[in-house]
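Read through the structure below, which is laid out as structure tokens, and then see the notes.
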Amino acid sequence: AAAAKGDTAAAVGLFQNYLKIRTRDLDAYTKYAATLETKFKTDPATVYDLIKVCERIIQLDPMRPDERRKLARWYVATEGYPNARANLAP
């Protein structure tokens, strides 16, 4: 609800609290990543949170090529080229 209203800071806090309890909720992690992508537009330091969340999504479901590509993109943004390459390898 907070993300829909454009309050990304509140949405991030709500996702963080929820995911402390529901640590395997893949849908929530995916929505959290989308919220962080929105926040990234105004706060580039969010990239490190994006990396953690994308890694968790892949940990929960390794067969998500779109998330792997996103994770590789975030690693490139932080010059983590070996990690980016590892997520693009077949």
Side-chain angles (χ1 to χ4, degrees):
K5 293 179 183 178
D7 190 350
T8 55
V12 165
L14 292 170
F15 275 118
Q16 288 172 340
N17 289 335
Y18 176 77
L19 290 168
K20 286 179 186 174
I21 299 165
R22 303 290 298 204
T23 60
R24 301 189 62 79
D25 187 336
L26 190 56
D27 186 50
Y29 273 107
T30 302
K31 290 176 183 175
Y32 182 31
T35 301
L36 288 173
E37 286 179 14
T38 300
K39 185 177 178 192
F40 175 75
K41 294 173 186 173
T42 58
D43 182 7
T46 304
V47 71
Y48 298 102
D49 293 328
L50 274 161
I51 288 171
K52 289 181 207 171
V53 172
C54 288
E55 284 178 342
R56 180 66 177 147
I57 291 169
I58 292 167
Q59 182 183 32
L60 293 171
D61 183 2
M63 302 307 295
R64 295 183 67 117
D66 291 341
E67 293 302 325
R68 285 191 179 279
R69 280 190 290 278
K70 287 180 186 179
L71 179 57
R73 184 178 71 208
W74 301 127
Y75 272 127
V76 167
T78 62
E79 298 182 6
Y81 302 116
N83 291 327
R85 191 176 306 112
N87 279 286
L88 294 175

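Throughout, numbering of the chain's residues begins at 1 and tracks the sequence.
- When every heavy atom of E67 is checked against every heavy atom of T30, the shortest pair comes out as OE2-CG2, 4.3 Å.
- One distance of note links NZ of K39 with OG1 of T46; it measures 4.5 Å at 0.5 Å rounding.
- With sequence neighbours excluded, the residues that form a side chain to side chain contact (heavy atoms under 4.5 Å, CB included) with R69 are P65, D66, L88.
- L71 and I51 make their closest contact through CD1-O, 3.7 Å (heavy atoms, listed as atom of the first residue, atom of the second, distance).
- The two residues L36 and V53 come nearest to each other via the heavy atoms CD1-CG2, 3.7 Å.
- Residues T23 and Y29 share a closest heavy-atom pair of O-CE1, 3.3 Å.
- Atom OH of Y48 has 12 or fewer heavy atoms from other residues, nucleotides or ligands within 6.0 Å.
- Take Q16 and apply the side chain to side chain donor-acceptor pair (under 3.5 Å) test, not counting sequence neighbours, and it matches Y32.
- Note on residues 72-83: pairs passing side-chain hydrogen bond (donor to acceptor under 3.5 Å, both in side chains), not counting sequence neighbours, are E55-Y75.
- Atom SG of C54 and atom CZ of R64 lie 9.5 Å apart (nearest 0.5 Å).
- Sorted by first then second residue, the salt bridge (Lys or Arg N to Asp or Glu O under 4.0 Å) pairs that include residues 21-33, not counting sequence neighbours, are D27-K31.
- Closest approach of A84 and A72 over heavy atoms only: CB-O, 3.5 Å.
- Checked against side chain to side chain donor-acceptor pair (under 3.5 Å), D49 has no partners two or more places apart in sequence or in another chain.
- In the hydrophobic clustering of this structure, L50 does not group with V76; members are Ile, Leu, Val, Met, Phe, Trp, Tyr whose side-chain heavy atoms approach within less than 4.5 Å, directly or through other members.
- Under the 4.5 Å side-chain criterion, counting only non-hydrogen atoms from C-beta, I57 is not in contact with K70.
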